[in-house]
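To start, the structure under review is shown below, and the notes come after it.
Residues: numbered from 1 along the sequence shown. Every heavy atom of this structure was used, including side-chain atoms; hydrogens, water molecules and symmetry mates were not. Order of listing sets the numbers, starting from 1, for every ligand and every atom in it.
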Amino acid sequence: MITSTDQTVLVTGGAGFIGSHTTLALLQAGQAVVVLDNLSNSSAQSLERVARIAGRAPVFVQGDVRDRALVQRLLREHRVGAVLHFAGLKAVGESASMPLTYYDNNVAGSLALCQAMAAAGVWRLVFSSSATVYGDPATVPIREDMPTGPTNPYGRTKWMVEHLLGDLAAADPRWQIGVLRYFNPVGAHESGLIGEDPRGTPNNLLPYVAQVAVGRRAALSVFGNDYPTPDGTGVRDYIHVMDLAEGHLKALQALADRSGLHTWNLGTGQGYSVLEIVRAFQQASGRPVPYQVAPRRAGDAAASYADPSKAARELGWQARRGLTEMMEDTWRWQSLNPAGFGGG
Ligand code: NAD
Ligand code: UD1
């Protein structure tokens, strides 16, 4: 049990990719869960599948995290003891063309949530931040105390919320806040029933590769092969979404006897190049993944991977699933659900 027995965890954005896997992990740990999601980037089907796997369902409320009165009511009615805050928008390119929408959902949404929490007397919060706050890192592996400096509006929304939360924690010792900086979440639950279901053309590597392998797209564009990395393509720290989900449970437990704001990297500490991913996916799926080399994508770092030792030390957490499992689980989800949740 994460909270005391009569308390609930509120999961904002719980119908989405990472939120649905974490909701499942909470339910399987015996925790009562309320999900608040406006379904702007997800389907309620994900929660039906979560219920199928867990054998019991979370309470689902379709609504917006910016609706302070609604959030306050949920916190009270469900005796919420802690909040996992996933709700937000995450497409880097879109954030540059729609900054108002991004600041509103991500920054104003987090502000409204914190106001509702303070009013309801709920002080334990875990926030989904991103390695994107490090911008183009000067050195790798990246430690939490290294300089931040996001290079796009999405990253700046995460960075601003981190600062907002730091100011809250400094002002009132009742706050117990965990900031989790995820590296590159991939994979899916081993059942193949839930996974990442991006709308439109995927922006991220793994969903794109998976859609090429399943025949939905012709070929992958590899964004640059002239980086100062072993094979010239970008290196990232891919982490299995179930490892990430377990990291949230550990963070909630660790916060129970900690006050203030604590920042933890969630990554494996191991980097893989784009071409290594392509090869690993071909191996796992038994399908070809044709690709062509394209120009670099603006704003991309050559290499980004975590030093995850602070999470290991303070949370007793480390990623357990390796590259093969990440690829096999992505492929199981993609091949069983070629059209995502839209496929029924
Ligand atoms: P996702 O889009 O699958 O999930 C986000 C969920 O939040 C969706 O279900 C969406 O409908 C909901 N939502 C969006 N705005 C909302 C609002 N105003 N009110 C209520 N619900 C709202 O994304 P994800 O990959 O699961 O990411 C979850 C969180 O983790 C996000 O905050 C994201 O920025 C962060 N993050 C993701 C990654 C990644 O690569 N996936 C990396 C680092 C950080
Ligand atoms: C991107 C975002 C980052 C965000 C993260 C998770 C940018 C600049 N960064 O990170 O802010 O937190 O997603 O949502 O968008 N690649 C290809 N072809 C593709 C797609 C990607 O070669 O079609 C390469 C990229 O150049 C990169 C690697 O694959 O080297 C991983 O890309 P991606 O999955 O988009 O993640 P990040 O760039 O790490």
Side-chain angles (χ1 to χ4, degrees), residues 11-22 35-44 46-47 61-67 70-71 84-96 101-102 104-106 108-110 112-113 127-136 150-155 157-158 161 180-186 195-199 201-209 211-212 217 219-225 227 229 233-239 241 244 266 271-275 277-278 291-305:
V11 181
T12 76
F17 172 43
I18 306 168
S20 59
H21 288 79
T22 307
V35 168
L36 173 67
D37 198 304
N38 66 4
L39 303 183
S40 62
N41 195 40
S42 55
S43 152
S46 65
L47 294 174
V61 177
Q62 184 172 350
D64 201 294
V65 74
R66 290 166 293 181
D67 184 344
L70 168 67
V71 176
L84 295 182
H85 180 35
F86 295 99
L89 303 178
K90 62 166 183 177
V92 172
E94 191 181 67
S95 76
T101 307
Y102 271 68
D104 190 29
N105 274 274
N106 294 6
S110 300
L113 172 66
F127 173 62
S128 299
S129 190
S130 168
T132 200
V133 297
Y134 296 114
D136 194 351
T151 57
N152 57 67
Y154 163 70
T157 66
K158 292 291 174 190
V161 174
L180 301 183
R181 292 179 179 157
Y182 314 151
F183 279 70
N184 290 62
V186 299
E196 186 170 12
D197 183 19
R199 297 195 170 166
T201 309
N203 299 304
N204 297 116
L205 180 64
L206 244 290
Y208 205 104
V209 166
Q211 290 190 9
V212 171
R217 301 190 187 271
L220 171 74
S221 292
V222 174
F223 297 146
N225 66 351
Y227 283 105
T229 60
T233 66
V235 167
R236 295 291 184 276
D237 185 340
Y238 298 94
I239 174 166
V241 64
L244 208 55
L266 294 188
Y272 291 103
S273 74
V274 175
L275 295 181
I277 294 295
V278 167
Y291 67 85
Q292 72 259 336
V293 176
R296 290 182 178 194
R297 183 173 65 180
D300 269 359
S304 165
Y305 52 93

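- Under the ring pair (Phe, Tyr, Trp, His ring centres under 6.0 Å) criterion, Tyr238 pairs with no residue, sequence neighbours left out.
- Within 4.0 Å of ligand 1, protein heavy atoms belong to Gly13, Ala15, Gly16, Phe17, Ile18, Asp37, Asn38, Leu39, Ser40, Asn41, Ser42, Gly63, Asp64, Val65, Arg66, Phe86, Ala87, Gly88, Lys90, Asn105, Ser128, Ser129, Ser130, Tyr154, Lys158, Tyr182, Pro185, listed by chain and number.
- No N or O atom of Tyr208 sits closer than 3.5 Å to an N or O atom of ligand 2.
- In this structure, atom 34 (O) of ligand 2 lies nearest to the protein heavy atom Leu205 N, 2.8 Å.
- Polar contact with ligand 2: present for Phe223 (N/O pair, distance under 3.5 Å).
- For the pair Glu94 and Arg199, the salt-bridge criterion is not met [side-chain N within less than 4.0 Å of a carboxylate O].
- Residue Val65 comes nearest to Ala112 through the heavy atom pair O-CB, 3.7 Å, listed as atom of the first residue, atom of the second, then distance.
- The heavy-atom pair separating Pro207 from Pro198 by the smallest distance is CB-CG, 3.9 Å.
- Note that the CG atom of Asn105 and the OG1 atom of Thr157 stand 9.5 Å from one another [nearest 0.5 Å].
- A distance-only check finds a donor-acceptor pair linking the side chain of Thr12 to the backbone of Ala87 [under 3.5 Å].
- Protein heavy atom nearest atom 24 (C) of ligand 2, with residue, atom name and distance: Val274 CG2, 3.6 Å.
- Not counting sequence neighbours, Tyr305 has no partner by the ring pair (Phe, Tyr, Trp, His ring centres under 6.0 Å) test.
- Among all non-hydrogen protein atoms, the one lying nearest atom 13 (O) of ligand 2 is Asn204 ND2, 2.9 Å.
- Taking every non-hydrogen atom of Arg297 and a distance limit under 4.0 Å, the qualifying atoms of ligand 2 come out as 7 (C), 15 (O), 25 (C), 32 (O), 33 (P), 35 (O), 37 (P), 38 (O).
- Nearest non-hydrogen protein atom to atom 30 (O) of ligand 2 is Gly234 CA, 3.5 Å.
- For atom 39 (O) of ligand 2, the nearest protein heavy atom (residue, atom name, distance) is Arg236 NE, 2.6 Å.
- Residue contact annotation: Tyr305 has no non-hydrogen atom under 4.0 Å from ligand 2.
- Listed here is the closest heavy atom pair of Tyr182 and Ser128: OH-OG, 2.7 Å.
- Heavy-atom contacts of Tyr238 reach the following atoms of ligand 2: 28 (C), 31 (C) (cutoff under 4.0 Å).
- Rounding to the nearest 0.5 angstrom, the gap separating the CG atom in Asn106 from the OG atom in Ser129 is 10.5 Å.
- In this structure, Ser221 counts as a contact residue of ligand 2, since one of its heavy atoms falls inside 4.0 Å of the ligand.
- In this structure, atom 4 (C) of ligand 2 lies nearest to the protein heavy atom Tyr154 CE2, 4.2 Å.
- Taking every heavy atom of Val92 and a limit of under 4.0 angstrom, the matching atoms of ligand 2 come to 2 (C), 3 (C), 7 (C), 9 (N), 11 (O), 15 (O).
- Considering every non-hydrogen atom in both Leu39 and Ala15, the closest pair reads CD2-CB, 3.8 Å.
- Using a 4.0 Å cut-off to heavy atoms of Thr132, the atoms of ligand 2 that qualify are 3 (C), 11 (O), 12 (O).
- Note: Leu266 CG to Ile18 CD1 = 10.0 Å, rounded to the nearest 0.5 Å.
- Using the six-membered ring where Trp is involved, Tyr102 and Tyr154 have ring planes that are perpendicular, over 60° apart on the 30 and 60° scheme.
- Proximity to Ser130 (heavy-atom distance under 4.0 Å) selects the following atoms of ligand 2: 12 (O).
- Pairing each heavy atom of Leu113 with each of His85, the nearest pair is CD2-CG, 3.4 Å.
- The Asn184 neighbourhood of ligand 2 comprises atoms 36 (O), 37 (P), 39 (O), with distances under 4.0 Å to a heavy atom of that residue.
- The two residues Pro185 and Phe17 have their closest heavy-atom pair at O-CE2, 3.9 Å.
- The atoms of ligand 2 that sit less than 4.0 Å from any heavy atom of Val222 are 22 (O).
- Each of the following atoms of ligand 2 lies closer than 4.0 Å to a heavy atom of Leu220: 18 (N), 19 (C), 23 (O).
- Ranking the protein heavy atoms by distance from atom 26 (O) of ligand 2 puts Asp300 OD2, 2.6 Å first.
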Donor-acceptor list for residues 291-303 side chains, cut-off 3.5 Å, not counting sequence neighbours:
| unit_1 | atom_1 | unit_2 | atom_2 | d |
| --- | --- | --- | --- | --- |
| Gln292 | NE2 | Ser221 | OG | 3.0 |
| Arg296 | NE | Asp226 | OD1 | 3.0 |
| Arg296 | NH2 | Asp226 | O | 3.0 |
| Arg297 | NE | Asp300 | OD1 | 3.1 |
| Arg297 | NE | Asp300 | OD2 | 3.2 |
| Arg297 | NH1 | Asn203 | O | 3.2 |
| Arg297 | NH2 | Asp300 | OD1 | 3.1 |

